[in-house]
S.K.: 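Pasting in a structure now, in C-alpha cells, and then I'll have a few things to ask.
Reminder, nothing fancy here: chain letters follow the sequence lines and each chain counts from 1.
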There are 2 protein chains.
Amino acid sequence: MAERVTIGDLARRLGLSKASVSYALNGQPGVSEQTRERVLALARELQWYPSSSARALSGARTGVVGLVLSRDPDLLGTEPYYMLVLSGIEAALIDAEYGLLLRMVGSEPGRDLPVYERWAGEGRVDGVMLFDQRRDDPRIPLLRRLGLPAVLNGAAEPGAALPAVVPDEHGDADQVVELLHGLGHRRIVHLTGPSGLLHEERRDGLVRAAASRAGMVVETLEGDYTMGTAERLTTERLRRGPAPTAWVASNDVMALGAVRAAAREGVDVPGDVSVVSWDDSLLCEIGSPPITALDRHPRDFGHRCARALLAEIAGTGDGDTGPRRSELRVRASTGPAAA
Amino acid sequence: MAERVTIGDLARRLGLSKASVSYALNGQPGVSEQTRERVLALARELQWYPSSSARALSGARTGVVGLVLSRDPDLLGTEPYYMLVLSGIEAALIDAEYGLLLRMVGSEPGRDLPVYERWAGEGRVDGVMLFDQRRDDPRIPLLRRLGLPAVLNGAAEPGAALPAVVPDEHGDADQVVELLHGLGHRRIVHLTGPSGLLHEERRDGLVRAAASRAGMVVETLEGDYTMGTAERLTTERLRRGPAPTAWVASNDVMALGAVRAAAREGVDVPGDVSVVSWDDSLLCEIGSPPITALDRHPRDFGHRCARALLAEIAGTGDGDTGPRRSELRVRASTGPAAA
DNA sequence: CTGAAAGCGCTTACAG
DNA sequence: CTGAAAGCGCTTACAG
C-alpha cells in the first residue's frame, strides 16, 4: 500500500501551514503566487491527491453525481439508448473531473426512492440526474426535502420544480407526422411506452396535435418498451380489422416488434404498413427492412444533462444550450400508404 | 436541507458515548444486546445514515467499487454485452450495499491508468474490476503498487497475479467447433477482436485446438469489434478466392457485419457460409437470418465478478462459484456445409 | 459492558 | 500574505 501523502506532509516540507497549502492547492486567495507555485510543484512531485473523504467531510464537494436507472436489466441490455446517454454523461463529467455513481434498480416505480434517501443521508453525491419523470413524481418532493440538487431530464416545462433539460419533442413529433403525411398515410397507430411516463404522454399529445392539423387520425396503444408486448399489441390490432397504415413506436425495440408481428401476420412492411421508431440504433439499421428512425442524439442529450446538473451544483445558472433538432433517418420501413 | 443526524445526536439522546453507539450500529462486540436494540431503534426513528466520508476517512470502507470501461462509446451503445454484465455487477453490489463508480474512457490502451491512480490517491474506492486483460497488462503492476484490491475478469489462470473470474472458454470453443464440425464444415474463419486482448488470443488458441482435433483448419482475421471492420474483412476474404464455409465472430456486432458483407457479395447464409457469434443478443435474434450464438450468461458473469471483488475486499477467499456452461443458441445462420 | 480521547485529512473562519 | 485551531462524523485502541 503506497503511503498516503497529505497536505500535512507538503506543509512540513515547505515550512508552511496546512492552511496555506490548502489555499494554494485550491486556487484560493491567501497565498503569494510564488508560494502557490512551490506548493503545486511539490504536490505534483510527491503525487499528492486530495482525500475525497476528507474533502467531503469538511464540507466541500464529493465530486460525484448519482444516477439511478429504473428499467429492467434485460431491457437495458437491448436498448442502446441508455448506454449512449450514459456515455454522453460520462464525457461531460470527465471534463469536470466528476465521477458517476450508478445504480440500477428494477422498473417498478418507487424502487429508486430509498436510493436517493440513502445517498443524501450518507452524503455520497453532490446531485442526481432524473430520467423518466412520472405524473406526480414522488422523487421531486423527496429530493427537495433532502436538499439534494437534481436535474430533470426530458421534462417539458423549464419553469418546473427542478431545473430541466428538454429534448425537441415538438420537432420530433412534427418530423415524424410530416413524413407519414407526405407518404399519404392518414391513420397512425402510436405504440407508446407506459402512460405513467410524462414524456410518453407529451409525445402522444404532440403526435395527435400534429396529426390532427394534417387531418390525420391517431390510435394509441400502450406498450412497455419490450418487444414481446409490442408484437402482441401489433398482432391484436392487425387482426381486429382495418388497421392504420402507419405505426410509430416509442423505441427501437418496439418498432422491431411491430415489424416482426406484421411479417408474421403476412402484412408487408412498407407495402401495407409503414413503421417509424422514436429511437435510432443499430437495431433499426439491421432490421429487415431497416427501420426509419429519429436520431435524437442521445450522447449529446446525456452530455447536456450532466452539464446542467454540474451547473446546478455549482450554482451557476443552468447553462443549457437548448435542444438540438433530431434527425429523421428514413429507411426502408416507410413508404407510400397503401391505396 | 435536512439536518444531518449524527452518532453524537444518538449518543446524547440515549445517554451513551459515541463509541458505544458506533459499536452498536456496526454489530461490533462491546455493547449489551439491550443497548444495541435501543440504538438501532433510535437510529431508525431519526433516519440516521452513516456519513460515508466520515466512515471512509476514519479508515473503514468507502462502500464503493470502481469500474473503468475502455471501449469506444459508440460500440458500448451497440454491444449489449457490457450493459448486461453491468446489470449483473449491480445486482451483486446491491446485495452487499455497495455502490459502483463508473468511468468510461476511450479504447486506446492506457487511458484508464490515470483513473486508477486517482481513485487510489483520493481513496475513492475499495477495489476495482478489470476487464479486457492485455499481454503485459500495465494495470496489474500499477494496482499492486497502489495497493488497490482488484479482480481480473475473464482471465484464464486462476493462479495469476490477481484473483480472477474465469469464463468457460474451453467449453465455448468446443461447443462452437463441435456444431460446425457436425454440420460438415472443415474450414473456419475466426473473426476476432484486437489480438492485444488476452481473451481473444486464448479463444483463438482454443478454437484452433478444438478444430485441429476434429481435423479442421482455422484462418484468423483480426477485427476490432466494429461492424465496419468486420464487413471489410469479410468482403476481402470472400473475394480472395475459395473461402472457408464457417465464420465465427467474437461478438454479435461483427457477426452481423459478416452476414451483411456476405449478403452483399451474393454469398448465401447459411447456404454458402455459416456464421456463429460468440455473444448472443437481440441483434442476433433479429438478424436476417437470425444468428447462431453463444449465450455466455453475461449477467451471471457480471454477478460473479462483483462477488469475487467483494470477497477480495473483505479478505474472505475468492468465493467464486466457477464458470457456468454457455448455451449455444442455434439459429438460421448455421447449416450444413456447402458441398 | 461503557466512556473519554485521539485521529483520519481536509477546509475555513479567525487572528496576526 | 501566513499560522494556529476548530470542526466535519465517524472508528478504534485504550482505560476503566
S.K.: Is a donor on one side and an acceptor on the other found under 3.5 Å between the side chain of A:Ser58 and the backbone of A:Ala54?
M.R.: yes
S.K.: Check the distance between C:dC1's P and B:Glu33's CD and give it to me in whole angstrom.
M.R.: 8 Å
S.K.: Counting N and O atoms only, with roles assigned by atom type, does the side chain of A:Asp126 sit under 3.5 Å from a partner on the main chain of A:Thr62, one being a donor and the other an acceptor?
M.R.: yes
S.K.: Would you find more than 12 non-hydrogen atoms of other residues, nucleotides or ligands less than 6.0 Å from B:Glu108 atom CD?
M.R.: yes
S.K.: Under 3.5 Å, side chain of B:Asp9 to main-chain N/O of B:Thr6, donor-acceptor pair present?
M.R.: yes
S.K.: Just to be sure I understand: a Watson-Crick pair is purine N1 to pyrimidine N3 plus N6-O4 or O6-N4, both under 3.5 Å. Using that and G-U wobbles, which stems of three or more pairs involve DNA chain C?
M.R.: C:1-3 with D:14-16, C:5-12 with D:5-12, C:14-16 with D:1-3
S.K.: With a 3.5 Å distance limit and no angle check, can you tell me whether B:Arg111 reaches the backbone of B:Met104 through a side-chain donor-acceptor pair?
M.R.: no
S.K.: Within a strict 4.5 Å, meaning less than it, do heavy atoms of the A:Asp95 and A:His303 side chains meet?
M.R.: yes
S.K.: Does A:Arg71 qualify as a cation-pi partner of A:Tyr225, given the criterion of NZ or CZ under 6.0 Å from the six-membered ring centre and within 45 degrees of its axis?
M.R.: yes
S.K.: Do B:Leu100 and B:Val65 have side-chain heavy atoms sitting under 4.5 Å apart?
M.R.: yes
S.K.: Just how far, in rounded Å, is P of C:dC1 from CZ of B:Arg38?
M.R.: 14 Å
S.K.: Reading nucleotides 4-11 of chain C 5' to 3', which nucleotides get B (base under 4.0 Å from a protein heavy atom), which S (sugar-phosphate only), which -?
M.R.: B--BBBBB
